[in-house]
2 protein chains.
Amino acid sequence: MTDVAREVGVTAKTVSRVLNDDGPVAIETRERVMAAVRKLGYQPNLMARNMRVGARDAAIGLVIPEMGNPFFGTVAGGIESAVRARGLTLIVGSSSETAELEQSLIATFLARRVSALIVVPSAGSDHRYLRTERIAGLPIVFLDRPAVGLTADSVVSGNRAGAQAGIEHLIGYGHRRIGFIGDLPATLYTRRERFQGYRDALEGAGLPFDRALVETGHDQEAARAATLRLLALDRPPTALFAANNLASMGAVVALARAGRRDVALVGFDDLPLAEVLDPPLTVVAQDPAAIGEVAAELVLSRLDGDRSRARRSLVPTRLIVRGSGELPALS
Amino acid sequence: MTDVAREVGVTAKTVSRVLNDDGPVAIETRERVMAAVRKLGYQPNLMARNMRVGARDAAIGLVIPEMGNPFFGTVAGGIESAVRARGLTLIVGSSSETAELEQSLIATFLARRVSALIVVPSAGSDHRYLRTERIAGLPIVFLDRPAVGLTADSVVSGNRAGAQAGIEHLIGYGHRRIGFIGDLPATLYTRRERFQGYRDALEGAGLPFDRALVETGHDQEAARAATLRLLALDRPPTALFAANNLASMGAVVALARAGRRDVALVGFDDLPLAEVLDPPLTVVAQDPAAIGEVAAELVLSRLDGDRSRARRSLVPTRLIVRGSGELPALS
DNA sequence: TTGACATATGTCAACGATGACATTGAATCA
DNA sequence: TGATTCAATGTCATCGTTGACATATGTCAA
């Protein structure tokens with residue numbers, strides 16, 4: 001900026017005035033400044049500006065478990081567009097689903113003085129240490145899973161009700177033994193909630209709960225193996241419920257390879273080509289873009305000074321019937 | 001920091017020394033400072049630090065067209081992990097495939113004084129305006145598509161060779177009329193390259209080129225419609241080549257709904273459930289994680305002072321044979 | 001003609017941190 | 001013992017920018 005000022009023969013302050021439309025500047029001076037700016041390719045230093053005005057960085061920090069996962073990718077996309085409409089920038093880090101990385105990312109973001117945080121908590125993380133920031137008024141929104149040890153806004157899917165609806169759907173087609181393939185670790189919020197929905201549905205229908213029907217697979221491969229284990233049981237399930245998108249994919253692959261078109265399947269979270277699978281996959285669909293947008297709007301309203309109590313937003317799920325969930329129980 | 005200093009009864013400089021392990025500090029002082037830091041929940045202000053040391057922001061800016069697209073999501077993931085291993089933060093923006101948004105994002109990143117830029121160029125963008133930064137030594141790497149009007153590093157897939165291999169594969173199964181479903185706009189680098197590969201293969205086999213067999217679909221819906229148009233031709237193709245992942249999905253859906261198991265299909269870019277489709281989808285697979293990592297390494301070596309000539313890295317593709325590409329030409 | 005007021009610009013300090021250099025006191029050495 | 005060295009801390013200026021306030025020039029009504 002000093003360079004520009006020298007080029008024009010004015011003070012930095014005048015250049016600043018031109019660039020920020022702040023205070024009166026002679027038209028001719030303005031033009032000469034703009035010309036010098038272009039000539040020198042000058043770009044204001046946002047860091048210095050933010051520091052001076054004492055403002056926080058015009059950025060919001062986002063922590064997600066995995067960028068490659070389309071669910072979180074879509075969520076991030078929803079957040080980004082909403083947030084950029086307000087001139088804010090998105091800073092992203094992925095925690096690889098570990099509490100340590102999550103905390104270190106958050107520390108980095110705080111050191112950068114981001115204006116707000118949006119966090120998908122990892123299993124086992126504890127957010128008590130964020131109390132100071134909460135009290136200082138920093139907007140913090142938890143996504144997909146609520147905070148632990150901290151009262152804060154959160155936006156989550158209707159996991160329990162959604163899973164329950166999915167299981168009830170299967171029960172409606174005569175299934176009495178329904179396998180559950182869930183996330184690892186079993187303490188993960190979404191896993192627990194969906195599992196509760198599973199049990200709610202069983203109980204509602206007066207069906208017994210059989211621990212042997214509960215399997216775990218934290219990625220597609222593990223879910224595939226878990227599916228095979230379920231099918232190999234003495235009294236195998238006639239239907240499966242896959243509690244997340246990777247589990248669904250693993251189950252689909254396992255059933256397809258085994259040629260088992262007789263086993264019903266409902267997945268939690270939609271998949272891109274679900275409709276052309278054989279049989280087409282019935283799912284309890286989440287709305288990742290909506291989750292992202294709701295979270296972004298919550299953050300923006302907090303930035304606008306909304307100091308009301310912490311909210312938990314439930315984004316409803318939707319059962320999409322395509323075929324795999326409507327296979328009747330034969331045995 | 002001043003607060004911490006006052007709490008302990010020393011100067012800010014001493015606190016700075018403790019936190020940066022810079023210069024001698026009495027053990028007792030160090031401990032009291034650390035205690036005060038914890039007590040006050042102090043976190044150093046990275047913006048101020050960067051400004052003072054005149055360093056650029058320890059962040060790299062990434063511009064991708066769409067966060068929800070798993071291809072770019074995976075690329076971003078590869079970059080992020082490589083980059084964070086070096087203590088750098090990733091700032092992401094999506095351009096929605098428009099040159100204007102791309103340029104405004106880059107401007108934001110430059111104003112933040114990022115240490116490097118990684119950009120997936122949008123169709124129609126021109127990067128001449130980045131010359132100043134290039135000359136100033138800012139590492140800029142273009143991803144998936146090369147820069148326009150600027151000599152700079154780039155990392156791209158082996159589009160032309162990959163497409164050629166895919167088409168040759170189809171020709172090998174007797175196909176002589178092969179439909180091409182490409183991106184919009186047709187000027188997009190990846191579209192052009194893959195189209196060239198298509199023509200190379202035809203020419204190599206002495207097959208005629210028929211403009212009527214070239215269709216365009218910029219998303220899944222459009223690709224589905226494009227597929228239907230191709231199938232409705234007087235002399236329809238016996239095989240299809242879908243030039244990107246969304247085009248593949250559209251083609252798969254169209255063929256499945258029409259019950260056309262006789263039309264061969266090869267897609268460019270792999271899909272998650274390709275193997276369980278009916279028939280399983282043969283693809284020319286890209287390696288998005290590798291693309292991201294190669295780009296990140298290139299950036300890091302530039303940050304380490306590598307001033308050699310601009311490089312273009314080609315990440316090879318791989319033909320994955322699954323079934324849909326091996327359907328013989330019947331007509 | 002003289003304030004009063006608006007316009008155009010400048011001066012200075014400060015945001016939070018650290019580099020360069022100065023100061024203090026104690027230990028070490030010729 | 002006085003000079004030398006080093007550890008421990010302080011002082012001051014500065015990074016690029018902008019708020020608060022000051023100054024200079026011109027305009028206009030009384």
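Just so it is clear, the model here is predicted, and its values are computed rather than measured. Just so we're on the same page: letters track the sequence lines, and every chain starts at 1. As a basis for the values below, the full set of heavy atoms in this structure was taken, side chains included, without hydrogen atoms, waters or symmetry mates.
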(Q) Quick check against the 3.5 Å criterion: does A:R302 have a side-chain atom that pairs as donor or acceptor with the backbone of A:V141? (A) no

Q: Map B:V10 and B:R52 onto DNA chain D by nearest heavy atom, then report which one ends up closer to the 5' terminus.
A: B:V10

Q | For D:dA30, the Watson-Crick or wobble partner whose two distances fall under 3.5 Å | A | C:dT1

Q | Distance-only side-chain donor-acceptor flag, A:H127 / A:E133, under 3.5 Å | A | no

Q) Taking OP1 and OP2 of D:dC15, is either one under 4.0 Å from a side-chain nitrogen or oxygen of B:N50? A) no

Q.
Rounded to whole Å, please give me the gap between CG in B:D22 and P in C:dA20.
A. 10 Å

Q) What's the CD-P distance between B:Q43 and C:dA17, to the nearest Å? A) 11 Å

Q | Presence of salt bridge, A:R312 and A:D153, under 4.0 angstrom | A | no

Q. Between B:S16 and C:dT18, does any side-chain N or O lie under 4.0 Å from OP1 or OP2?
A. yes

Q) Taking CG from A:L19 and P from D:dT18, how many angstroms apart are they, rounded to a whole number? A) 7 Å

Q: Check the distance between C:dG16's C1' and B:N20's CG and give it to me in whole angstrom.
A: 13 Å

Q: Please state whether the base of D:dT17 and the side chain of A:R49 form at least one donor-acceptor pair under 3.5 Å?
A: no

Q) Would one find a side-chain N or O of A:T29 under 4.0 angstrom from OP1 or OP2 of C:dT9? A) yes

Q) Between B:A26 and B:A48, who's closer to the 5' end of DNA chain D by nearest nucleotide? A) B:A26

Q: May I ask you to say whether A:R145 pairs ionically with A:E97, meaning some side-chain N is under 4.0 Å from a carboxylate O?
A: yes

Q) B:R17 or B:Y42: which one's nearest nucleotide on DNA chain C is closer to the 5' end? A) B:Y42

**Q.** Integer-rounded Å distance: C:dC15 C1' and B:M1 CE
**A.** 14 Å

Q.
I need the NZ-C1' distance between B:K13 and D:dT14, as an integer number of Å.
A. 12 Å

Q. Any ion pair linking A:D306 and A:R311 (charged N to carboxylate O, less than 4.0 Å)?
A. yes

Q: Give a yes/no answer on whether the side chain of B:T14 brings an N or O atom under 4.0 Å of OP1 or OP2 in D:dG10.
A: yes

Q | Atom pair distance, as rounded to whole Å: CG in B:D57 and P in C:dA17 | A | 15 Å

Q: Measure the distance from CG on B:N45 to P on C:dG16 and round it to the nearest whole Å.
A: 7 Å

